**Student:** 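This is the structure I want to talk about, given as structure tokens.
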Protein chains: 2
Amino acid sequence: MADVKSGPNPLFLREEDLRQGIELLFYAYRDFTAEPDAMLAKIGLGRAHHRVVYFVGRYPGINVTELLGILQITKQSLARVLGDLVSQEYIAQRAGTKDRRQRLLTLTEKGQELERTLSDAQRARIAQAYRAAGAAAVEGFRTVMLGIIDADDRAKFQPPGPGKR
Amino acid sequence: MADVKSGPNPLFLREEDLRQGIELLFYAYRDFTAEPDAMLAKIGLGRAHHRVVYFVGRYPGINVTELLGILQITKQSLARVLGDLVSQEYIAQRAGTKDRRQRLLTLTEKGQELERTLSDAQRARIAQAYRAAGAAAVEGFRTVMLGIIDADDRAKFQPPGPGKR
DNA sequence: GAAATAAGTCAACATGGCTGACGTAAAATC
DNA sequence: GATTTTACGTCAGCCATGTTGACTTATTTC
């Protein structure tokens, strides 16, 4: 991993550059979550609900264990928000057919609508940033972000491939 | 660089690309905060303390109003963590000389050490990602991240310039 | 002198993490 | 077939960190 391609680019990493990287993440995440948070507050839900709705939308039929793996929170923490979402009919549960202990989660129509509304603000923000930056910058953005993410989760971003998921 | 295509660049933004952008931010932030959070837990502090220590280190002599502007939380929320940090002597307060109502905040030696320990994990993560990605990718990363951040705060990342700060 | 500003404080509340303990049903293993 | 493991759920309580609202004090500005 150390060999960044010998040659003309030693890439001096000054304290200042790293500090800036930290701050970019702080401000970007702060602003990225602000809009959905405000919408959620109006319907009595929170950011945790958004995350669940998002990932259930992303992986329809995901089971609880897998969802916990993504969110990296405890079962009890998830239970609270998931319970809200199921009782308010944003999310439907059904037993797995292969393994009937599993609860497979999907968005209801209502859930899909919520997901779209919430994430649209974020999609718009990303779209605008991508457009303003251009395709090459977007490639660089992806590469650096992947480098920041723990190696175990990088696979999620690989094109289809032989994934074991 | 990949094909940046001369001429007008419509930059096709598929749903899929935007979704990926959202997830990159989620996973990156999750992993970026995990290490300092674990260290903080051991000394009975939390992420909010880290943020305060970080920005006081970044802007020595910052006053409370300015800090609130960065963190975007309420005075009461800040009071709690700031109180902890002052009473445990991570942060020192002194009255402003020009405006004696202000409390100017600085890190003590102890505070500097804490800041360094916490942020080093983050700096290392960024450094590794930057090195693996290369200088051009880092430039793209910066550009996109700035586009995601609200325009008001982009100025913080401009080189010195005529800033009014 | 009055008004505005910087900061602090008290109280109450919500959200979303956590640990620990325990239960049930189904699947996997010996 | 009995035992163990797994997937999920649940109760109870704690902690960190955000919120609103009301009020005080010191200082600066108008």
Side-chain angles (χ1 to χ4, degrees), chain A residues 26 29-30 33-34 36-56 61-88 91-105, chain B residues 26 29-30 33-34 36-56 61-88 91-106 118:
Chain A
F26 168 76
Y29 198 76
R30 185 195 69 177
T33 51
D37 281 359
M39 299 182 213
L40 286 155
K42 288 182 190 162
I43 54 171
L45 300 178
R47 193 182 294 184
H49 298 92
H50 185 191
R51 291 202 273 251
V52 170
V53 164
Y54 178 84
F55 282 108
V56 171
I62 190 174
N63 68 44
V64 173
T65 303
E66 288 169 335
L67 187 51
L68 288 173
I70 290 176
L71 300 176
Q72 300 208 198
I73 58 176
T74 60
K75 185 177 47 160
Q76 296 91 324
S77 293
L78 175 59
R80 202 158 27 199
V81 291
L82 187 52
D84 292 343
L85 292 169
V86 169
S87 76
Q88 290 171 51
I91 286 185
Q93 295 175 307
R94 63 171 199 280
T97 46
K98 209 188 121 186
D99 181 341
R100 298 195 342 264
R101 290 171 303 181
Q102 296 181 337
R103 293 289 168 273
L104 307 186
L105 308 173
Chain B
F26 168 76
Y29 198 76
R30 186 196 68 176
T33 50
D37 281 359
M39 299 183 213
L40 285 155
K42 288 182 190 162
I43 54 171
L45 300 178
R47 191 182 295 183
H49 297 92
H50 184 190
R51 290 203 272 252
V52 170
V53 163
Y54 178 84
F55 282 108
V56 171
I62 192 175
N63 68 46
V64 173
T65 303
E66 288 168 336
L67 187 51
L68 287 173
I70 290 175
L71 299 176
Q72 300 206 195
I73 57 175
T74 59
K75 185 174 49 160
Q76 296 91 324
S77 293
L78 175 58
R80 201 159 26 200
V81 290
L82 187 52
D84 292 342
L85 292 169
V86 168
S87 76
Q88 291 171 50
I91 286 184
Q93 296 174 306
R94 64 174 199 282
T97 45
K98 209 186 124 188
D99 182 340
R100 296 191 351 259
R101 290 171 305 182
Q102 297 180 336
R103 293 289 170 272
L104 307 185
L105 308 172
T106 49
L118 293 173

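In what follows, every chain begins at residue 1, and chains take the letters A, B, ... in the order their sequences are listed. This one's a predicted model, so the numbers in the text were calculated from it and none came from an experiment.
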**Student:** In whole angstroms, how far is the C1' atom of C/dC18 from the CG atom of B/L45?
**Tutor:** 17 Å
**Student:** For the CZ atom of B/R51 and the OG1 atom of B/T33, what is their distance to the nearest 0.5 Å?
**Tutor:**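 Spacing of CZ (B/R51) from OG1 (B/T33) equals 9.0 Å.
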**Student:** Look at the side-chain N and O atoms of A/H49 and state whether any lies under 4.0 Å from the OP1 or OP2 oxygen of C/dT15.
**Tutor:** no
**Student:** With DNA chain C as reference, determine whether A/R101 or A/A48 sits nearer its 5' end, using the nearest nucleotide of each.
**Tutor:** A/A48
**Student:** With nearest nucleotides of DNA chain C determined for A/Q72 and A/T97 from heavy-atom distances, which residue corresponds to the more 5′ nucleotide?
**Tutor:** A/Q72
**Student:** I need the B/Q102 CD to B/Q93 CD distance, nearest 0.5 Å.
**Tutor:**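 Atom-to-atom, B/Q102:CD and B/Q93:CD are 12.5 Å apart.
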**Student:** Tell me the interatomic distance from B/L68, atom CG, to C/dA7, atom C1', rounded to whole angstroms.
**Tutor:** 10 Å
**Student:** C/dG8 C1' sits how many Å from B/L104 CG, rounded?
**Tutor:** 16 Å
**Student:** Taking only N and O in the side chain of A/R100, is any of them less than 4.0 Å away from OP1 or OP2 of C/dA26?
**Tutor:**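 Yes, such a contact exists.
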**Student:** Nearest whole angstrom, please: distance from the C1' of C/dA6 to the CG of B/L78.
**Tutor:**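 Between C1' of C/dA6 and CG of B/L78: 13 Å.
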**Student:** OP1 or OP2 of C/dG17 less than 4.0 angstrom from a side-chain nitrogen or oxygen of A/R51, does that happen here?
**Tutor:**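 Answer is yes, contact under 4.0 Å.
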**Student:** Quick one: is C/dA7 close enough that its OP1 or OP2 comes under 4.0 Å of any side-chain N or O from B/N63?
**Tutor:**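 Yes, such a contact exists.
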**Student:** How long is the straight-line distance from CG of B/L67 back to CG of B/L104, given to the nearest 0.5 Å?
**Tutor:** 12.0 Å
**Student:** Could you give the start and end, 5' to 3', of the contact zone on DNA chain D for chain A, using atoms under 4.0 Å from its heavy atoms?
**Tutor:**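 For DNA chain D, the relevant span reads D/dT6 to D/dC11.
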**Student:** Could you point out which residue of A/L82, A/V53, A/N63 forms a side chain to side chain contact (heavy atoms under 4.5 Å, CB included) with A/L105?
**Tutor:** A/L82
**Student:** Atom CD of A/Q102 to atom C1' of C/dA28: distance rounded to whole Å?
**Tutor:** 14 Å
**Student:** Starting from P on C/dA27, measure out to CG on A/D99 and report it in whole angstrom.
**Tutor:** 5 Å
**Student:** At under 4.0 Å, does any side-chain N or O of B/Q93 touch on OP1 or OP2 of C/dG8?
**Tutor:** yes
**Student:** Figure out the CD/P separation between A/Q76 and C/dG17, and round it to whole Å.
**Tutor:** 12 Å
**Student:** Less than 4.5 Å apart, any side-chain heavy atom of A/L71 and any of B/F26?
**Tutor:** yes
**Student:** Nearest 0.5 Å, what's the NE2-CZ distance between B/H50 and B/R47?
**Tutor:**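 The NE2 atom of B/H50 sits 10.5 Å away from the CZ atom of B/R47.
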**Student:** So A/R80, base contact, sugar-phosphate only, or nothing? Heavy-atom distance under 4.0 Å.
**Tutor:** base
**Student:** Expressed as a whole number of angstroms, how long is the span from A/L85:CG to C/dG16:P?
**Tutor:**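 In whole Å, C/dG16 P and A/L85 CG are 10 Å from each other.
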**Student:** At under 4.0 Å between heavy atoms, what does A/T74 touch on the DNA or RNA strands: base, sugar-phosphate, or nothing?
**Tutor:** base
**Student:** Could you grab the distance from atom CZ of B/R103 to atom CZ of B/R101, nearest 0.5 Å is fine?
**Tutor:** 11.0 Å
